[in-house]
Each structure stands twice: as structure tokens, then as C-alpha cells.
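Comments concern the structure below.
In what follows, every chain begins at residue 1, and chains take the letters A, B, ... in the order their sequences are listed.
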There are 2 protein chains.
Amino acid sequence: MPRTATGESSLARAVRILESFTLDEPELTVSEVARRAGLPLATASRIVGQLVEYGLLGRGPGREVRVGFRMWELASRAAPTRSLRNAAMPYLEDLHAVVGHHAQLAVLQGDEVVFLERLSARDAVVNYSEIAGRLPPHISSSGVVLMAYGPAELQERVLARPLESWTAETITTPDRLRATLDQVRRRGYALLAGHVHRDATGIAVPVRNGLGEVVAALSVIVPNDARAVSAVPALLAAARGIGRSLR
Amino acid sequence: MPRTATGESSLARAVRILESFTLDEPELTVSEVARRAGLPLATASRIVGQLVEYGLLGRGPGREVRVGFRMWELASRAAPTRSLRNAAMPYLEDLHAVVGHHAQLAVLQGDEVVFLERLSARDAVVNYSEIAGRLPPHISSSGVVLMAYGPAELQERVLARPLESWTAETITTPDRLRATLDQVRRRGYALLAGHVHRDATGIAVPVRNGLGEVVAALSVIVPNDARAVSAVPALLAAARGIGRSLR
DNA sequence: CGGACCCTCCCATCCATTGAGAGGGTGTTT
DNA sequence: AAACACCCTCTCAATGGATGGGAGGGTCCG
């Protein structure tokens with residue numbers, strides 16, 4: 001029964017296979033891959049075999065499959081991430097050294113916030129964000145900053161959707177989100193205490209490129225107490241430095 | 001004239017297309033991609049179009065093509081890189097803060113050295129290594145460490161090949177390389193002054209996992225002068241810390 | 001305004017891809 | 001030790017998605 005249920009290119013299937021790996025489950029069996037990608041086992045086995053051959057996937061000591069080293073290598077050539085990261089890294093380090101806990105760099109991708117880089121102290125407060133991890137924009141300080149300075153359509157789309165709640169402090173009404181965005185634009189930074197986790201405060205500022213466009217958000221996560229606001233000047237200064245490095 | 005010159009899967013071609021992007025030239029035109037991947041223009045155009053649709057490639061403001069954000073996202077889920085990087089990052093930061101210049105983490109991949117992470121000061125001495133960049137093992141201090149503690153077959157393969165020369169100091173004879181490897185094993189670290197660039201000294205130490213296996217090299221690049229050796233204790237201490245974090 | 005590049009779409013041809021099933025693993029339960 | 005429940009890879013005939021020369025239409029430059 002050949003070629004029957006298809007209607008899609010083999011490339012599309014390969015990409016679906018690559019997408020079945022997540023941050024939480026970076027290792028899967030072939031069967032699991034087949035299930036997630038919605039492919040017959042034999043087909044999944046064959047494509048996985050090819051991807052392993054080309055290095056995009058790799059095999060662990062058993063038969064489990066994971067994303068391959070070659071994939072990481074190819075992806076690290078991605079220009080958008082690289083130039084921003086290179087410009088930001090020294091400032092992110094300084095920020096981390098001074099403020100402690102977590103210092104992060106995030107960008108907008110689709111309608112979500114993606115963290116490009118994160119520096120964490122070993123004894124830092126909890127933090128749910130992960131490098132390459134995604135969060136809805138209304139949850140985190142980075143997201144609110146990126147929304148506030150982002151395209152109007154994005155704001156409308158996010159405001160139109162139900163706002164997921166993570167703690168008692170999370171913004172869950174469009175009105176409150178709108179008010180927060182206004183406040184961020186007035187103040188030039190976002191400070192959200194206990195929105196992601198009750199013990200943590202996120203503080204974020206916009207990073208502007210040479211043209212004045214907001215291209216990223218720089219943020220720190222600190223304990224949820226009165227001293228949190230003192231991190232704002234360091235953030236603003238670091239964001240300016242990154243902007244200058246971006247030419 | 002369809003399907004004639006093929007004999008290979010479309011997936012193989014897609015991977016060849018992804019591989020035509022390099023660190024030095026992260027943006028290519030479709031014609032350039034076709035040339036590098038050895039594909040007819042029409043075919044390259046079609047596959048590039050698909051890869052863009054799936055997000056593995058992206059388009060710049062003009063028509064130029066680059067590696068896509070989604071590719072970076074998928075690759076960041078690669079387990080081998082992630083756990084080592086996460087364990088090493090805090091120590092790499094401390095090392096960088098204390099020693100200055102460049103602090104790097106490298107692993108062996110194939111018969112080459114690949115840099116997983118690098119922290120650089122803005123005013124640091126020159127450094128040719130790049131994140132996701134490759135170097136032949138005999139050139140750099142990281143490479144020599146990874147060779148010294150690596151599998152015997154690797155040493156034989158590298159010793160059998162011609163040893164490329166970068167500066168007057170570069171190791172170019174098998175005898176000298178063998179002697180250097182012995183010295184590294186005796187001392188527990190590698191110090192190569194002026195091998196990559198005459199003004200820079202590389203110092204590297206092995207990073208061991210919980211089983212005592214050498215899984216990476218930790219290194220710093222400092223100015224080529226008498227103070228260089230003083231970085232060794234800090235490197236050794238950091239490598240032990242990383243090893244402990246790897247459980 | 002000619003020349004040298006770019007890029008995408010078209011479409012008749014046909015071979016690489018397909019997936020059920022066989023065959024053979026490994027690990028756990030009865 | 002047998003039964004079970006998973007795993008995974010290979011085979012093979014049928015076929016529809018991939019193929020690539022060329023047409024058509026861009027942009028840039030001197």
C-alpha cells in the first residue's frame with residue numbers, strides 16, 4: 001500500500017520528527033517519535049536512520065534518539081541569534097556579576113517570548129525560563145517589555161486570547177495588561193513581582209539597535225522583596241551598552 | 001528530464017543545503033546555495049523554499065537566505081551540549097572574571113576540536129576560535145589536552161596527517177607533538193605560547209565527568225607573556241568544579 | 001538600453017519513497 | 001520458562017511526489 005496516506009513531502013515529515021523533541025524530553029525511542037510525528041513506525045524508523053546518518057539526530061548508548069551535535073553546529077551559524085548574543089554577552093556577564101541570580105536575554109518569536117541566553121548563579125531563586133524555552137508574553141517581565149514596544153497587532157492578538165494564570169499575581173485581564181503596558185512605556189522598564197513564581201521578581205528593559213528599534217529584552221530575576229527595584233539602573237545601562245555594540 | 005541525475009534522497013539534498021552555510025558566510029543567495037550544494041538552481045530554489053516554510057531556513061530583508069531561528073531552537077534541545085554547558089557555565093564565568101580575556105569550553109567531535117562556549121572581554125587579545133567553530137587538535141591548547149586524554153586511535157590518526165602550521169611556534173612534527181602530549185599528561189595541563197597567534201597563549205586543562213573520563217577541555221587565552229602560567233591553578237579548580245556538577 | 005546577474009514557476013516523466021508485515025530483539029510479568 | 005509487551009529494522013511491489021530544463025520576469029549596473 002504505497003504512497004497512500006501521504007500528501008506531504010518527506011522533508012515535511014523529517015521536520016515533524018525533529019520537532020517531536022522537546023526541552024523536557026530530549027531523548028525519545030523511535031516508537032515515541034513515530035507516535036508524536038504521526039508516522040507509521042517503519043517510516044519513522046527509516047527517516048530517523050537517515051537523519052542519524054546525516055548527523056542531525058544522534059543515538060545514545062542504548063537505542064534512544066536525540067538531537068545531534070551536527071544540528072547544534074549548523075544552527076549556531078544562525079545569524080540573527082549570533083550577532084545579538086555576541087553584542088550582549090559581555091554586558092549580560094557584568095549584569096549577572098553585579099545583580100546575581102539570573103540575567104537573561106529574550107526576543108519575540110511568533111507571539112511568544114524565547115530566551116536566547118541566561119546566566120544563573122548556583123544559589124539563585126527559581127526560574128522557569130530556559131534557553132530556547134518559550135513563554136507567553138503576558139507572564140514575564142521580558143514578555144511585557146517586548147509587547148509594550150512591539151507591533152500593535154501583537155498586542156491585539158495577545159489581548160484577544162485568554163491569559164493563562166501561573167500565580168495569584170499573574171496578569172489575567174486584558175485591562176490590567178493594557179495598564180501594565182502603558183506603565184512600562186512611561187517608566188521604560190517592567191517590574192513584575194511574583195507573576196511567574198511567588199518568590200521571584202522579574203525586571204526587564206528594552207534593548208534597542210542602532211535604529212532605535214526594540215530588538216530584545218534584557219532582564220534579571222531576583223528575590224521578591226523591596227530591594228528588587230535597585231536593579232533597574234544597572235539594567236538600563238547594560239541595555240544601552242548592548243545597543244551601542246549593535247552599531 | 002526528470003529524476004535523472006539523482007540517486008539520492010531529497011533529505012540528503014536538504015542537509016547538503018543546510019551545510020552550505022558557514023560561520024564566515026551565514027547568508028547566501030539561492031544561486032550560491034545551488035552552487036555549493038551541487039544542485040540545479042530550480043531544485044535548490046524549491047528545497048530552500050520548503051526549508052524556509054518549515055523554519056529551518058530564514059530569509060533576510062532582501063532575498064538572501066540564512067539559517068532559521070527554528071533551527072536554533074530545535075538544536076538547543078540537543079542534550080549532549082546542554083548538560084555540559086549548564087554545568088560549566090558558572091565556572092566559566094568565574095574563570096573569565098578572574099583571568100580575563102577569553103575563557104572557553106571545547107569538546108572533541110570527529111577528529112576536530114569544537115568550541116561549545118566562549119566568554120570574551122571586550123579588550124581581549126586575538127582569538128581565532130568561535131562558538132561552533134572547529135580547529136585541528138594540534139593547533140590549540142584545548143586540542144592538545146583533548147588529544148592527550150583522548151582515545152589512542154585519535155592520536156594515531158592526527159599524528160599520521162600533515163600538521164598544518166599557523167605561526168612559527170605551531171607544532172608541525174609528530175615527534176614534537178608526541179613530546180607535548182607526554183608533557184601534558186605529566187603536568188595535567190597544556191600551555192601553548194604563540195601557537196595560534198604570536199601574541200596569544202592558550203592554557204587548557206581536562207574536564208572529567210563523574211566516571212573520571214575526560215569529556216571536555218577548559219581553556220583560557222591570555223597575552224603571550226610570563227604571567228600566563230599563573231592562570232593554571234584557577235583552571236584546574238574550575239575544571240574540578242565542573243566535574244562535580246556533572247555528578 | 002543592453003547585458004549579467006538574480007529568482008520562481010511550469011510540467012511531463014519516473015524513481016525514490018512508502019508502509020504493512022515478517023522476523024527478531026529485550027525486558028518484565030505470570 | 002513461558003507468556004506478554006514492548007521495542008526495532010528490513011523487505012518489497014506499487015506509485016505519486018520530486019525532478020530540472022527552460023520560460024518568464026525580476027533587479028542591478030555602466
Q: Check side chain to side chain contact (heavy atoms under 4.5 Å, CB included) between B:A239 and all other residues, then give those that pass, not counting sequence neighbours.
A: B:V205, B:V207, B:L218

Q) Given atom CD1 of B:I47 and atom C1' of C:dC9, what is their separation to the nearest angstrom? A) 16 Å

Q: Ignoring the backbone of A:P40, work out which of D:dG17, C:dA20, C:dA16 is nearest its side chain.
A: C:dA20

Q. Taking atom types as modelled and ignoring hydrogens, do the side chains of A:S10 and B:S10 form a donor-acceptor contact shorter than 3.5 angstrom?
A. yes

Q. Do you see a donor-acceptor pair shorter than 3.5 Å between the side chains of B:S129 and B:N127?
A. yes

Q: Report yes or no: is the cationic atom of B:R16 (NZ for Lys, CZ for Arg) under 6.0 Å from the centre of the six-membered ring of A:Y54, at an angle within 45° of the ring normal?
A: no

Q: Could you tell me the separation between the CD atom of A:Q50 and the C1' atom of D:dC8, rounded to a whole number of Å?
A: 16 Å

Q. Do B:R122's NZ or CZ and the ring of A:Y91 fall within the cation-pi criteria of under 6.0 Å and 45°?
A. yes

Q. What string of B, S and - do you get for nucleotides 3-8 of chain C, 5' to 3', when a contact is any protein heavy atom under 4.0 Å?
A. ---SBB

Q) Which nucleotide sits closest to the side chain of A:R13: C:dG19, C:dA16, D:dG20? A) C:dG19

Q | Between C:dC9 (C1') and B:E53 (CD): distance, integer Å | A | 15 Å

Q. How is B:S10 classified with respect to the nucleic acid when contacts are heavy atoms under 4.0 Å: base, sugar-phosphate, or nothing?
A. sugar-phosphate

Q: Measure the spacing between CD of B:Q104 and CD of B:E117 and express it to the nearest 0.5 Å.
A: 10.0 Å

Q. Can a side chain N or O of B:T43 be found less than 4.0 Å away from OP1 or OP2 on D:dT19?
A. no

